[in-house]
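Scroll down for the structure; my scribbles are underneath it.
Letters A, B, ... mirror the listed sequences (proteins, then strands); counts begin at 1. What you are looking at is a predicted structure, and each value in this text was computed from that prediction instead of being measured.
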Amino acid sequence: MSKKLQSIRGIHDGLPDEVQIWQHIETIARRIFASYSTREVRLPILESTEVFVRSIGTETDIVSKEMYRFEDRNGDDICLRPEGTAGAVRAYLQAGLSRSGTQRWFYMGPMFRRERPQKGRLRQFQQIGVEWFGVAGPIEDIEVLTMASSFLDELGIKTRLEINSLGCPDCRPDYRKKLTQELEKCQDELCGTCQQRLSTNPLRILDCKQASCQALLKDIPEMTEHLCGICDAHFLTLQRGLKELGVPFLVNPRIVRGLDYYNRTAFEFISEELGAQGTVLAGGRYDGLVSQQGGPATSAIGFASGLERLGMLLAGKVKSPQIDATVVALGASTHIFSLQIAHTLRQQGFHISHCGTGSSKALFKRAAREQARYTLVIGEDELARQIISLRGDDEKHAFTLSQLIEHMTAS
RNA sequence: GUGGAUGUAGCUCAAUGGUAGAGCCCCGGCUUGUGAUGCCGGUGGUUGUGGGUUCGAGUCCCAUCAUCCACCCCA
C-alpha cells in the first residue's frame, strides 16, 4: 500500500465552495477596477531572481529565506513570484510604457512565500493587486483609496482604514536619524528583536508588538510631525480628499514599510476578525521603485489584497449558483429521452443537472440536494407521450418540451 | 527561523495502559413515481506516519509529517 498523497505544506486546494467565493470577489474587483479605468494584466509566475533582488534588495530575510528560488537547467537563477509589484514594474519597463502616459493595471493570481504557514498565511496564496504608474498624486492617492474602499464595501467586508505618510528621501532619513537617537537612549529597555532592529531597520520598532516597547514609544517623535513641506501638503490633501469623499480613516503614524522604495502614502485596511492576520488590503506609494529597477523616475502607487483572507470573511455569505432544473429519469428506457431533454434545455441557456441512475428514492434525494428551481420527472408514461412532469404535480400538469421552455423562461 | 497547542470514521467528538465507539452524514431495505416520519440493515479506521517501552499502546517515550496560535519577517 502506498502512503496517502497530500498537498505540500502551506499549499492548499481550492475546492468548489471556496472557489465560488473567490470568483465572487474577482467579479466585484473587475467591476470596481473597471470603473476606475484600471485594466487587467497577466504577468509571469516565474521571474528571474534579479527582478526581486533589484526591488527588494538583499537586506531583509525576503530574498534569502522566504522565496522559492532555484536554478533552472541552464543555470539561470529564477524564482516563483512572492508578490506582484516587482514583476509589474519589470513588465512596464520591458514594454517601454514609461513614455505612454498613465498606466492603470490590476492583476490576480498566485504568489509564493516560504513562510511558516498559518490560517490566512499560506505558502501559495492568491492576490488581487493594483498598480498605477505615472501618477504623482495626491489625486491618484485619493482615487486608489476610494477604489480600494469601494471594493471592500461592495464585498460587505468591514474594515478600518489606517493611513500614514512615510515621507520621502528628503525627509525620512532625518526622521530615521532622530528616531534612532531617541531610541538609543532607552536601548537597554527595548526587547531583543528591537535592539536588533535599531541597527537594521529602526522604523520597524514603531510597530513592535511588545507592550514594553510600545510603552517606550509613547513620547517618541512621529514621522507625521517631521514631513518636509511637499510631503506634508501631499498628506494633508489626501486626508481632506478622503474626508470629502466620505471614506473614513485613521491616521496611524506607526504604519511602516520594510522597503526603502516606498514613500509618502501608506495604508492598510484591517479587519478585527482575523487576529494577527488582520490586514486584508495594504498598499502605498512607491515613487522610487521604477528608477530602482533601471527605468526613468516614475511615480506610482498600488495595493494588494489576499483572496484567502477576504474569502474567510465571506465564508457562508456567497450564494451558490442556482441550478434551473434537475432531471429525474425513472427506468432505463427513459435515459436517452431524458438526456435529450437536458441537452435541449442547456442549449436554451438553462443550467441543468441530471440525477443519473438509481432507485427512485435515490434519484429524488439527489434531485432535492441540487436545490434546483424545478425537478423534471421523466418516466415510462412521459416517454410514451413525449412530455415532462414536474415534481409534485401529476401527469395532467405535464409539459411538452416547448411548453416547459416557455414556463421556465417566464418564471 | 523561534516558542506553544492539536492530530481517532466524510464531519463533530468519546474511549483508567486491557476487544476502537457514538451522533450527524452517506448507501440500501420495508416502499422499482415524488427528498416526510418511523423501523431495520450497511459502507467507512493500519487511531497522521515511523520507531521505541510494555505480556499488552489510541493512551507512555522519541522522531517525523500536517494543521492551528503567537513571535520573526511582512514584499
Side-chain angles (χ1 to χ4, degrees), chain A residues 1-12 15 47 51-57 59-67 79 81-89 111-123 125 127 129 131 191-194 196-197 200-201 204 207-210 213 255-262 266 268 274-279 282-284 286 289 302-304 306 326 328-334 355 357-372 374-383 389-395 397-398:
Chain A
M1 284 296 283
S2 60
K3 232 192 273 178
K4 204 191 249 178
L5 295 172
Q6 61 177 23
S7 67
I8 60 189
R9 183 178 203 189
I11 298 187
H12 292 186
L15 299 177
E47 292 273 5
V51 169
F52 300 101
V53 169
R54 277 224 217 150
S55 67
I56 295 165
E59 293 291 299
T60 63
D61 291 353
I62 294 173
V63 173
S64 55
K65 294 181 184 165
E66 294 176 1
M67 288 199 336
C79 61
R81 63 180 182 190
E83 53 109 14
T85 305
V89 169
M111 305 292 167
F112 302 83
R113 298 181 187 180
R114 204 186 177 296
E115 301 178 291
R116 188 90 162 244
Q118 276 174 237
K119 196 177 208 162
R121 192 178 189 177
L122 301 176
R123 289 182 169 183
F125 60 101
Q127 277 191 337
E131 317 289 351
C191 72
T193 44
C194 279
Q196 288 275 321
R197 291 198 264 234
T200 58
N201 192 356
R204 269 285 166 208
D207 70 347
C208 179
K209 284 161 185 161
Q210 294 287 326
C213 291
I255 290 181
V256 295
R257 290 284 115 104
L259 302 174
D260 277 342
Y261 57 72
Y262 284 105
E268 300 184 355
L274 297 173
Q277 265 66 53
T279 301
Y286 51 95
L289 182 56
F303 65 77
T326 183
V328 170
L330 298 158
S333 62
T334 67
C355 292
T357 54
S359 70
S360 64
K361 180 179 176 178
L363 292 181
F364 280 106
K365 204 167 180 183
R366 258 174 243 164
R369 250 199 307 261
E370 299 282 356
Q371 299 194 348
Y374 300 101
T375 298
L376 312 183
V377 183
I378 297 165
E380 310 277 342
D381 290 349
E382 284 85 354
L383 171 63
S389 300
L390 297 186
R391 193 190 81 201
D393 290 346
D394 59 35
E395 288 155 39
H397 296 90

4.5 Å side-chain heavy-atom contact, A:Arg123 and A:Glu66: no
If you check every side-chain atom of A:Leu330, which of B:rG33, B:rC71, B:rG28 has the closest atom? B:rG33
I want to verify a distance call: between B:rA75, B:rA70, B:rU34, whose nearest atom is closest to the A:Phe364 side chain? B:rU34
Sub-4.5 Å side-chain heavy-atom contact between A:Ser55 and A:Val89: no
Is the shortest heavy-atom distance from the side chain of A:Val328 to the side chain of A:Arg391 under 4.5 Å? no
Measure from the side chain of A:Ile62, starting at C-beta and using heavy atoms only, and say which of B:rA70, B:rA75, B:rA66 lies closest. B:rA75
I'd like to know if A:Glu382 reaches the base of B:rG33 with its side chain such that a donor and an acceptor end up less than 3.5 angstrom apart. yes
Rounded to whole angstrom units, what separation is found between the CD1 atom of A:Ile255 and the P atom of B:rA75? 11 Å
Nearest-Å distance for atom pair CG/P, residues A:Leu383 and B:rG33: 15 Å
What nucleotide among B:rC73, B:rC68, B:rU34 has an atom nearest to a side-chain atom of A:Arg391? B:rU34
Please tell me which of the listed nucleotides, B:rC73, B:rG33, B:rG29, lies nearest to the side chain of A:Ser389? B:rG33
Can you see if the side chain of A:Lys361 gets near the phosphate of B:rC27 - specifically, an N or O under 4.0 Å from OP1 or OP2? no
Can you name the ring-ring contact (aromatic ring centres under 6.0 Å, His included) partners of A:Tyr374, sequence neighbours left out? A:His407
Derivation and outcome, side chain to side chain contact (heavy atoms under 4.5 Å, CB included), residues A:Glu83 and A:Arg113: CA-CA 8 Å; A:Glu83 53 109 14; A:Arg113 298 181 187 180; 3.7 Å; yes
For A:Glu370, side-chain contact (heavy atoms from CB on, under 4.5 Å) partners two or more places apart: A:Ile323, A:Thr326, A:Ser353
Distance check needed: B:rC73 P versus A:Gln196 CD, whole Å only. 9 Å
Which sits closer to the 5' end of RNA chain B, A:Val256 or A:Gln277, going by the nucleotide each is nearest to? A:Gln277
Taking the side chain of A:Arg113 as its heavy atoms from C-beta onward, which of B:rG35, B:rA75, B:rU67 lies nearest to it? B:rA75
Measure distances between side-chain N and O atoms of A:Arg121 and base N and O atoms of B:rC73, and say whether any donor-acceptor pair falls under 3.5 Å. yes
Proximal nucleotide (of B:rU2, B:rC73, B:rG35) relative to the A:Lys365 side chain: B:rG35
Between B:rC74, B:rU2, B:rC65, which nucleotide gets closest to the side-chain atoms of A:Arg116? B:rU2
Taking B:rG35, B:rC65, B:rC71 as options, the one with an atom nearest any side-chain atom of A:Gln118 is B:rC71
Measuring only between side-chain heavy atoms, which start at C-beta, is A:Phe364 closer than 4.5 Å to A:Val377? yes
Value in whole Å for how far the P atom of B:rU32 lies from CD1 of A:Ile378: 21 Å
To the nearest Å, give me how far apart CD1 (A:Ile56) and P (B:rC74) are. 10 Å
So that I can compare with my own list, what are the stems of RNA chain B, taken as at least three consecutive Watson-Crick or G-U pairs with distances under 3.5 Å? B:1-7 with B:65-71, B:10-13 with B:21-24, B:26-30 with B:38-42, B:48-52 with B:60-64
Using only heavy-atom distances, decide whether a donor-acceptor pair under 3.5 angstrom links the side-chain of A:Arg9 to the base of B:rU67. no
When A:Leu274 and A:Arg123 are each assigned the nearest nucleotide of RNA chain B, the 5'-most assignment goes to A:Arg123
Do A:His12 and A:Pro117 have side-chain heavy atoms sitting under 4.5 Å apart? no
For atom P, what is the distance between B:rC68 and B:rU47, given to the nearest Å? 24 Å
Please tell me which of the listed nucleotides, B:rC73, B:rA75, B:rG33, lies nearest to the side chain of A:Arg197? B:rC73
